[in-house]
Colleague: 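Quick one: structure below, then a few questions.
Counting starts at 1 for both ligands and their atoms, in listed order. These numbers come from the heavy atoms of this one structure, side chains and all, not from hydrogens, waters or symmetry mates.
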Amino acid sequence: MAIETIEWEDGRIKLIDQTLLPNEFKQIYCDDLPTIWEAIKSLRVRGAPAIGIAGALGAVIGIWNSTANTYEAFGAELKSATDYLATSRPTAVNLFWALDRMTRTAEENKHLPIPELKETLLAEAQDIIEEDKAMCRAIGQHGMALLNENDTILTHCNAGGLATSDYGTALAVMFSANEAGKQIQVYADETRPLLQGARLTTWELMQAGIDVTLICDNMAAQVMKEGKIQCVIVGADRIAANGDTANKIGTYNVAILAQVHEIPFYVAAPTSTIDFALSTGEEIPIEQRSAEEVTEGFGRLTAPKGVKVYSPAFDVTPASFVTAIITEKGVAHPPFTDSLGALQEE
Ligand code: MRU
């Protein structure tokens with residue numbers, strides 16, 4: 001994308017407000033912690049890698065105007081900022097990965113004068129953005145080798161440029177194949193309740209000139225049965241060491257359907273999305289969202305007022321449903337404990 005999903009501009013965070021897409025393209029500024037926290041919570045900025053970047057830049061916002069003159073006081077301000085940002089969304093591990101990295105950077109550079117330490121932290125956040133861009137490109141290159149001429153891919157939610165610094169993870173594979181001249185088509189699940197597939201994925205693919213067809217989530221089985229899909233590619237919010245994968249609610253449904261129809265199911269994610277501290281997906285915290293997102297997501301009541309609602313934002317697809325995990329370091333195959341472990345060693 002020519003326009004950055006999220007960036008630093010003159011002491012503020014500038015980001016595309018994704019809640020308004022595709023009707024309105026608007027960039028907003030966040031110059032204090034509550035504003036960036038709210039932007040993450042309400043999905044103005046969303047997608048695991050982009051949430052990580054928002055966390056890193058948010059940590060900078062937390063200390064940018066600090067008047068502390070000892071490292072102890074400065075470190076306490078940074079800790080209070082990172083602790084607060086960590087409460088925004090629980091599932092995408094990239095947030096915690098980025099916040100830890102910012103804390104480590106501060107600790108490693110605590111001998112620096114505070115003004116230089118601030119610049120060092122900003123440079124670290126910028127590095128996270130640049131590394132993310134490179135990882136997305138590499139995921140695209142590794143993943144496109146899995147696609148054949150004329151394949152049609154099903155994807156769920158949005159794992160595109162909007163969900164990362166640029167180019168995406170699952171969509172990176174499609175962008176790379178398209179740029180290499182491979183003919184591909186895509187079916188995009190609408191992705192209830194917040195319609196990231198309908199609003200964002202189709203928008204990105206259409207801009208790239210890729211043939212995309214929108215379906216409601218409950219149409220995937222029929223579309224697969226009709227033989228229209230050659231593989232599924234989705235992103236991830238957190239992958240356990242054994243390959244169990246948390247992604248947008250409904251991903252597990254798609255994985256089951258893919259297995260029944262003998263269609264490969266690929267997960268595309270940077271290694272920063274792998275949580276090696278968790279041996280299985282059982283331990284992944286699942287975010288619960290408000291009832292209103294289901295009953296009146298886009299301003300119109302679509303269920304009786306007061307109806308009971310259950311709204312987990314993510315599900316965990318067991319590793320046994322995953323054909324391969326496409327990372328920036330290469331494609332990992334089952335058994336994932338071994339193949340992901342080997343990637344960690346690199
Ligand atoms: O709730 P969201 O929109 O942040 O959920 C996003 C997803 O589930 C994506 O598939 C995932 O974060 C991967 S983004 C490259």
Side-chain angles (χ1 to χ4, degrees), residues 1 5-6 15-19 21 39-55 88-98 129 132-133 135-140 143 153-175 188-201 203-204 217 232-239 245-255 265-275 281 284-290 293-294 297 311-317 322 325-328:
M1 286 200 312
T5 304
I6 175 165
L15 56 90
I16 299 171
D17 185 345
Q18 299 185 34
T19 61
L21 286 170
I40 300 171
K41 181 77 184 171
S42 64
L43 275 56
R44 296 184 202 287
V45 58
R46 47 144 301 281
I51 294 172
I53 294 165
S88 57
R89 296 191 76 190
T91 303
V93 75
N94 306 59
L95 174 63
F96 309 98
W97 170 87
I129 296 176
D132 186 64
K133 286 186 179 167
M135 287 193 289
C136 289
R137 297 278 160 176
I139 288 170
I153 305 139
L154 176 77
T155 190
H156 189 77
C157 194
N158 171 267
L162 290 166
T164 58
S165 57
D166 173 49
Y167 213 60
T169 58
L171 295 201
V173 178
M174 303 168 207
F175 293 143
D189 274 352
E190 182 177 44
T191 318
R192 280 279 291 149
L194 295 179
L195 305 182
Q196 289 93 329
R199 295 187 301 107
L200 309 175
T201 295
W203 185 76
E204 284 196 44
D217 300 334
V232 175
I233 312 180
V234 296
D237 285 83
R238 194 185 296 226
I239 302 172
T245 296
N247 192 48
K248 178 52 55 193
I249 194 74
T251 302
Y252 180 26
N253 302 37
V254 178
F265 180 90
Y266 300 120
V267 172
T271 46
S272 52
T273 301
I274 306 170
D275 189 346
I284 298 176
I286 301 294
E287 178 182 12
Q288 300 294 325
R289 303 277 310 177
S290 76
E293 289 183 352
V294 176
S311 185
F314 299 95
D315 56 29
V316 177
T317 299
V322 179
I325 300 176
I326 307 161
T327 77
E328 79 282 7

Colleague: Which residue, Arg44, Arg46, Gln196, Arg199, forms the side chain to side chain donor-acceptor pair (under 3.5 Å) with Gln18?
Modeller: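 Of the listed options, the one satisfying the test is Arg46.
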Colleague: Any idea which part of Thr273 is under 4.0 Å from ligand 1, heavy-atom wise: side chain, backbone, both or neither?
Modeller: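 Within the 4.0 Å criterion, Thr273 makes no contact with ligand 1.
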Colleague: Is there a heavy atom of Asn158 sitting under 4.0 angstrom from any atom of ligand 1?
Modeller: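 Judged by the 4.0 Å heavy-atom criterion, Asn158 does count as contacting ligand 1.
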Colleague: Atom CG of Leu43 and atom OG of Ser88: how far apart are they, to the nearest 0.5 Å?
Modeller: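 If we round to the nearest 0.5 Å, Leu43:CG and Ser88:OG are 10.5 Å apart.
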Colleague: Would you check, one step at a time, whether the test side-chain contact (heavy atoms from CB on, under 4.5 Å) holds for Leu171 with Thr201?
Modeller: CA-CA 8 Å; Leu171 295 201; Thr201 295; 4.1 Å; yes
Colleague: Just go through Ala163, Pro270, Gly168 and tell me whose heavy atom is the nearest to atom 14 (S) of ligand 1.
Modeller: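 Going through Ala163, Pro270, Gly168 one by one, Ala163 has the nearest heavy atom to atom 14 (S) of ligand 1.
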Colleague: For atom 5 (O) of ligand 1, what is the nearest protein heavy atom, given as residue, atom name and distance?
Modeller: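 Going by distance alone, atom 5 (O) of ligand 1 is nearest to Lys248 CE, 3.3 Å.
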Colleague: Counting heavy atoms only, which part of Cys157 comes closer than 4.0 Å to ligand 1: side chain, backbone, both or neither?
Modeller: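 The side chain, only.
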Colleague: Among all protein heavy atoms in this structure, tell me which lies nearest to atom 11 (C) of ligand 1, with the distance rounded to 0.1 Å.
Modeller: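 Closest protein heavy atom to atom 11 (C) of ligand 1: Asp237 OD1, 3.2 Å.
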Colleague: Counting only heavy atoms closer than 4.0 Å, does ligand 1 sit against the backbone of His156, its side chain, both, or neither?
Modeller: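 It is neither part, as no heavy atom is under 4.0 Å.
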Colleague: Ala269 and Ile239: which non-hydrogen atoms are nearest, and at how many Å?
Modeller: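 For Ala269 and Ile239, the tightest heavy-atom pair comes out as CB-CD1, 3.9 Å.
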Colleague: Which of the numbered atoms in ligand 1 are under 4.0 angstrom from any heavy atom belonging to Thr169?
Modeller: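 Ligand 1 atoms under the 4.0 Å threshold to Thr169: 15 (C).
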Colleague: Is it the case that the side chains of Asp189 and Thr191 hold a donor-acceptor pair, with the cut-off being a distance below 3.5 Å and no angle test?
Modeller: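 No donor-acceptor contact under 3.5 Å links the two side chains.
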Colleague: Nearest protein heavy-atom contact for atom 3 (O) of ligand 1: which residue, which atom, what distance?
Modeller: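 For this ligand atom, the closest protein heavy atom is Arg46 NE, 2.5 Å.
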Colleague: Report the part of Gln196 in contact with ligand 1, treating N, CA, C, O as backbone and CB onward as side chain, heavy atoms under 4.0 Å; options are side chain, backbone, both, neither.
Modeller: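 Under 4.0 Å from ligand 1, Gln196 contributes side-chain atoms alone.
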Colleague: Any nitrogen or oxygen of Ala48, side chain or backbone, less than 3.5 Å from one on ligand 1?
Modeller: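 The answer is yes, given that Ala48 and ligand 1 share an N or O pair closer than 3.5 Å.
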Colleague: Pick one: which of Ile284, Asn247, Val316, Ile51 meets side-chain contact (heavy atoms from CB on, under 4.5 Å) with Thr91?
Modeller: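 Single pass found, and it is Ile284.
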Colleague: What protein heavy atom sits nearest atom 4 (O) of ligand 1, and how far away is it?
Modeller: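 I find the closest protein heavy atom is Arg89 NH1, 2.8 Å.
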Colleague: Have a look at ligand 1 and work out which part of Ala236, if any, has a heavy atom under 4.0 Å from it: side chain, backbone, both or neither.
Modeller: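 Contact part for Ala236 vs ligand 1: backbone (N, CA, C, O).
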Colleague: Please identify which atoms of ligand 1 are closer than 4.0 Å to at least one heavy atom of Ala159.
Modeller: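 That gives atoms 14 (S), 15 (C) of ligand 1.
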Colleague: Suppose I only count heavy atoms of Asn247 and a 4.0 Å limit; which atoms of ligand 1 are within that range?
Modeller: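 So the atoms of ligand 1 that pass are 7 (C), 8 (O), 9 (C), 10 (O), 11 (C).
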Colleague: Working to the nearest 0.5 Å, report the span between CD1 of Ile129 and CD1 of Ile53.
Modeller: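 These two atoms lie 5.5 Å from each other.
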Colleague: CD1 of Ile153 to CD1 of Ile233: how many Å apart, nearest 0.5 Å?
Modeller: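 Nearest 0.5 Å value for the CD1-CD1 distance: 5.0 Å.
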Colleague: With the threshold set at 4.0 Å, does a side-chain nitrogen-carboxylate oxygen contact exist between Arg192 and Glu190?
Modeller: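 Here Arg192 does not pair with Glu190 in a salt bridge, since their nearest N and O are not under 4.0 Å apart.
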Colleague: Taking the basic N atoms (NZ, or NE/NH1/NH2) and the acidic carboxylate oxygens, is any pair closer than 4.0 Å for Asp166 and Lys133?
Modeller: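 Salt bridge between Asp166 and Lys133, a charged N being under 4.0 Å from a carboxylate O: no.
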Colleague: Under 4.0 Å from a heavy atom of Pro49: which atoms of ligand 1 are those, numbered in the order shown and with their elements?
Modeller: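 Per the distance check, 14 (S), 15 (C).
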